[in-house]
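Contents: one structure, followed by commentary.
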Amino acid sequence: MTERVIPLVIFGEGALKEVKTQLHNAGFFKPFVVTTCGRANQLDALLSILGDSVAGHFDNALEHTPVSVTDAAERALRESGADIIVALGGGSPIGLGKALVLRTALPLAAIPTTYSGSEMTSVYGETDEAGKKTGRDQRVAPRIIFYDPLLTLDLPPATAAASGLNALAHSVEALYASNANESSCQCAIESIQLLSQSLPELVAAPADLGARNRALKGAQLAGDALNTTTMGLHHRICHVLGGSFRLPHANTHAVMLRYVVAYNFNAAENGMRQVEEAMKVENAITGVSNLCDNLPVPRNLGTLGFYESDIGRAAQEIVSGNYPNPRQASETDAVRILSAALIGAEPFPLSE
Ligand code: NAD
């Protein structure tokens, strides 16, 4: 197995302006930029900073890294003669960048503009007609990461909140992971403190740069915690709902988190006490539920395009996979969890 790559992290307002210099310092002179469509302003800003050195760009990254999109991006990348891939945006372009690393062996740099935390991890995923496959490979972990909170100022409150809850879910599951260690727990706890404080702040005042800074730092730490631990039932459910039912990634995390916290509540006592301490709440279930209720995120899977008729197949797929969790979920458990999440029912009975 390849050694863990420690990335060079440049964090701070204006970090975007450093991209060309830092890439040059690291020996890269022909970047190929990948992003999602709709990010034209940020793409133009980056392209103008990179100037003549740009080998090319691809702006059609999609969620869950569909193989067909990677095929198209790979063709453009190979024709460009680039020596590094630069992913600009959220988890979608970073995921595309990782898929391209696996195909071309080029290195990856990332400029994250959401709170997915993918830039900190060696986790990759790809989706085709058969569903979503994920894996870990140190080669895909970005070598250089530019965190510029100014790039997150236009992240709409609803997108920011859902993405922040995706990050929070990394940290919650990291705290009860069987391979958690002191360092992963420290990252997870600090990220929960930062995210649970900053998400309501930035929703109330989207231009609050301090809150944007704290949320981005929380996302970075959550990504670090995700990178060093194995994720449990929450991520398994979201993986199936995203990969096989095409539900939107961050919003699915936002809906599911309270149900899995309730399900694992009695089986993960230490982890739950750490969540409560970090959030400064008496009970992790009500703490997470209240936080979600105070953010502009969907409350149920029904609004995300999931149907009652999907529950059986989803539950079967969830339990058919190998994943660690403090409490082994049966198919009946999975049906109960999904049924509650479908309509946004209270999560409490699931902990019984
Ligand atoms: P995303 O990258 O699709 O971004 C969501 C939306 O926000 C897009 O429309 C994007 O254009 C827009 N956006 C991004 N930055 C913006 C900004 N600053 N201002 C305004 N709009 C902005 O979604 P995501 O939630 O960041 O990432 C989801 C993807 O990441 C999924 O495919 C998921 O599987 C993957 N992921 C991977 C890991 C990992 O470690 N491998 C971790 C988390 C998520």
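Bear in mind the structure is a predicted one, so any value in this text is a computation, not a measurement. By convention here, the first residue in the shown sequence is residue 1. First listed ligand is number 1; within each ligand, the first listed atom is number 1.
Side-chain contact between H57 and L43 is present, with at least one heavy-atom pair separated by less than 4.5 Å. At least one side-chain heavy atom of T152 sits less than 4.5 Å from a side-chain heavy atom of Y115. Counting only heavy atoms from C-beta outward, the side chains of L88 and V34 never approach each other to under 4.5 Å.
For F245 and F306, the ring centers sit closer than 6.0 Å to each other.
Considering backbone and side-chain N/O atoms, H64 comes within less than 3.5 Å of an N/O atom of ligand 1. Looking at T113 next to ligand 1, an N or O pair under 3.5 Å apart turns up. Remark: ligand 1 and S163 share no N or O pair separated by less than 3.5 Å (distance only, no angle test). Considering backbone and side-chain N/O atoms, K132 comes within less than 3.5 Å of an N/O atom of ligand 1. At under 3.5 Å, not a single nitrogen or oxygen of Y124, backbone or side chain, sits near a nitrogen or oxygen of ligand 1. Checked against a 3.5 angstrom limit, the closest N/O atoms of L151 and ligand 1 fall inside it. Not a single N or O atom of E63, backbone or side chain, sits closer than 3.5 Å to an N or O atom of ligand 1. For D154, a nitrogen or oxygen atom sits less than 3.5 Å from a nitrogen or oxygen atom of ligand 1, counting backbone and side chain alike. Taking any N or O of V123, backbone or side chain, at least one lies under 3.5 Å from an N or O belonging to ligand 1. For T114, a nitrogen or oxygen atom sits less than 3.5 Å from a nitrogen or oxygen atom of ligand 1, counting backbone and side chain alike.
At the shortest separation from atom 23 (O) of ligand 1 among protein heavy atoms lies S92 OG, 3.9 Å. In terms of protein heavy-atom proximity, atom 7 (O) of ligand 1 is closest to T159 CG2, 3.7 Å. Scanning the protein for heavy atoms near atom 42 (C) of ligand 1, the closest one is S116 O, 3.6 Å. Of all protein heavy atoms, the one lying nearest to atom 38 (C) of ligand 1 is S118 CB, 3.4 Å. For atom 12 (C) of ligand 1, the closest non-hydrogen atom on the protein side is R39 CD, 4.1 Å. Regarding atom 31 (C) of ligand 1, its nearest protein heavy-atom neighbour is H249 CG, 3.7 Å.
E13 places no side-chain N or O within 3.5 Å of a backbone atom of P149 that could act as its donor or acceptor partner. One N or O on the side chain of Q42 and one on the backbone of L151 form a donor-acceptor pair closer than 3.5 Å. For K30 (side chain) and G81 (main-chain N/O), a donor-acceptor pair under 3.5 Å exists by modelled atom type. At distances below 3.5 Å, not a single donor-acceptor pair connects side-chain atoms of H170 with backbone N or O atoms of M231.
Both tests hold for R273 against F265: distance to the six-membered ring centre under 6.0 Å, angle to the ring axis within 45°. For the pair K217 and Y147, the cation-pi test (distance below 6.0 Å, angle within 45°) is failed. A cation-pi contact, defined as under 6.0 Å to the ring centre and within 45° of the axis, links R327 to Y263.
Comparing heavy-atom distances from atom 25 (O) of ligand 1 across G125, G90, A250 singles out A250 as nearest.
Within a 4.0 Å radius of atom 44 (C) of ligand 1, the protein has at least one heavy atom. Taking a distance limit of 4.0 Å, we find that atom 9 (O) of ligand 1 is approached by no protein heavy atom.
Residue P93 approaches ligand 1 through these ligand atoms, each under 4.0 Å from one of its heavy atoms: 2 (O). The ligand atoms of ligand 1 that sit less than 4.0 angstrom from a heavy atom of T121 are 39 (C), 40 (O), 41 (N). Taking every heavy atom of N166 and a limit of under 4.0 angstrom, the matching atoms of ligand 1 come to 43 (C), 44 (C). Shown in contact with Q42 at under 4.0 Å from a heavy atom are these atoms of ligand 1, numbered in order with element: 18 (N).
A tilted orientation is assigned to the rings of H24 and F29, their planes being inclined by 30° to 60°.
For the 3.5 Å distance criterion, the side chains of S191 and S171 qualify, holding a donor opposite an acceptor.
Both the backbone and the side chain of L155 come within 4.0 Å of ligand 1, judged by heavy-atom distances.
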**Report entry** side-chain hydrogen bond (donor to acceptor under 3.5 Å, both in side chains) evaluation trace for E126 with T70
**Finding:** CA-CA 9 Å; E126 274 208 292; T70 310; 3.1 Å; yes
